[in-house]
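Both counts, for ligands and for their atoms, begin at 1 and track the order of listing. The figures that follow rest on heavy atoms only: side chains count, while hydrogens, waters and symmetry mates do not.
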Amino acid sequence: MLKQERYRHFVDYFSKNQPNAVTELHYGSPFQLLIAVILSAQCTDKRINQVTPALFERFPTPESLAASTPEEVFTYIRSVSYPNNKAKHLVGMAKILVDVFHNEVPSDIDQLQKMPGVGRKTANVIASVVYDAPAIAVDTHVFRVANRIGLTTNARTPLAVEKQLVEYLPKETLAIAHHWLILHGRYICIARSPKCDICPLTWFCKYYARTNTETYLLKAEAALAKKTKDQKKKKALDKISKELAKRSEGNL
Ligand code: SF4
């Protein structure tokens, strides 16, 4: 199967089945999302959602966070991974947000990366989720799932994965494709043992093709036959409705 075809099937499936996929992090403003994403590095969204309500309440604005200390922030985030570093990053980020960006979370990926704790992945999340920019953040789930499905080839770094996804995915799907890949990786295509037995993507997944060749071929054939049949059916229905429209115009 050609890479372009895999992309087409991937976009078709998720557009139809998860058209409204969003981040599972809880937030109420770009500032809060920035905090949540910085905290979420190497930690679960579930854990972050447990600590952010109290944190957001104590630090409702960039100024309040900038005026605090890493020691105080630490007390709110002690249960997340790397709390010491993240506390320093949050206070440093807030200071730059106040001093350089006048309390506005910037939309530009390079500008975003000027803040402590904000790498390319976090910057891409903010740009795509907050500003709907055609950017895609590559985290561990996106990296793994894109490689397994075969959306990427020989991509050994997150940047290489990002470049291939940006090259092949339709621009308007880039932001949502990030959530499709993350959610699929979190619940089905999990790292240690992917749940291929319940996965709806088996018929175009490269990993599945490699590990279950015979079943893959049967599934791919059946799915393609169904698609062709559906397309033919749609064409016939379009033709009939056009014909009916013509007739009813003639009767007016
Ligand atoms: S078929 Fe298996 S490896 Fe492929 S995407 Fe689904 S769960 Fe992942």
Asker: Verify ring-ring contact (aromatic ring centres under 6.0 Å, His included) between F14 and H184, making sure each step is shown before the conclusion.
Answerer: CA-CA 10 Å; F14 283 104; H184 197 66; 5.8 Å; yes

Asker: Below 4.0 angstrom from a heavy atom of C205, which ligand 1 atoms are there? Numbered from 1 as shown, please.
Answerer: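 Those of ligand 1 that fall under 4.0 Å from C205 are 1 (S), 3 (S), 4 (Fe), 5 (S).
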
Asker: Can you name the atoms of ligand 1, numbered from 1 with element, that are less than 4.0 Å from a heavy atom of Y207?
Answerer: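 Answer, ordered by atom number: 3 (S).
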
Asker: Suppose I only count heavy atoms of H184 and a 4.0 Å limit; which atoms of ligand 1 are within that range?
Answerer: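 Heavy-atom distances to H184 below 4.0 Å select 5 (S), 6 (Fe).
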
Asker: Working to the nearest 0.5 angstrom, can you tell me the gap between N84 CG and H89 NE2?
Answerer: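 If we round to the nearest 0.5 Å, N84:CG and H89:NE2 are 11.0 Å apart.
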
Asker: Testing the 3.5 Å rule here: is there a donor-acceptor pair between the side chains of T152 and K163?
Answerer: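 No pair is found: no donor N or O on one side chain lies under 3.5 Å from an acceptor on the other.
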
Asker: Can you tell me which residue and heavy atom of the protein come closest to atom 6 (Fe) of ligand 1, and the distance to 0.1 Å?
Answerer: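 Among all protein heavy atoms, the one nearest atom 6 (Fe) of ligand 1 is C199 SG, 2.3 Å.
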
Asker: Can you list the ligand 1 atoms lying under 4.0 Å from a non-hydrogen atom of C196?
Answerer: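 Selected atoms, number and element: 1 (S), 2 (Fe), 3 (S), 7 (S).
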
Asker: Do any heavy atoms of K206 fall under 4.0 Å from ligand 1?
Answerer: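 Checking ligand 1 against K206, which is what was asked, there is no heavy-atom contact under 4.0 Å.
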
Asker: With a cut-off of 2.8 Å, does C189 put an N/O/S atom close enough to atom 8 (Fe) of ligand 1?
Answerer: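 It does: C189 brings an N, O or S atom closer than 2.8 Å to atom 8 (Fe) of ligand 1.
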
Asker: Would you say the ring centroid of Y13 lies under 6.0 angstrom from that of F204?
Answerer: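 Y13 vs F204: aromatic centres not under 6.0 Å.
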
Asker: Hey, does H9 have a side-chain heavy atom less than 4.5 Å from the side chain of R6?
Answerer: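 Of all side-chain heavy-atom pairs linking H9 with R6, none is under 4.5 Å.
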
Asker: Using a 4.5 Å cut-off on heavy atoms from C-beta on, say whether the side chain of S81 contacts that of K86.
Answerer: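 Yes, their side chains come closer than 4.5 Å.
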
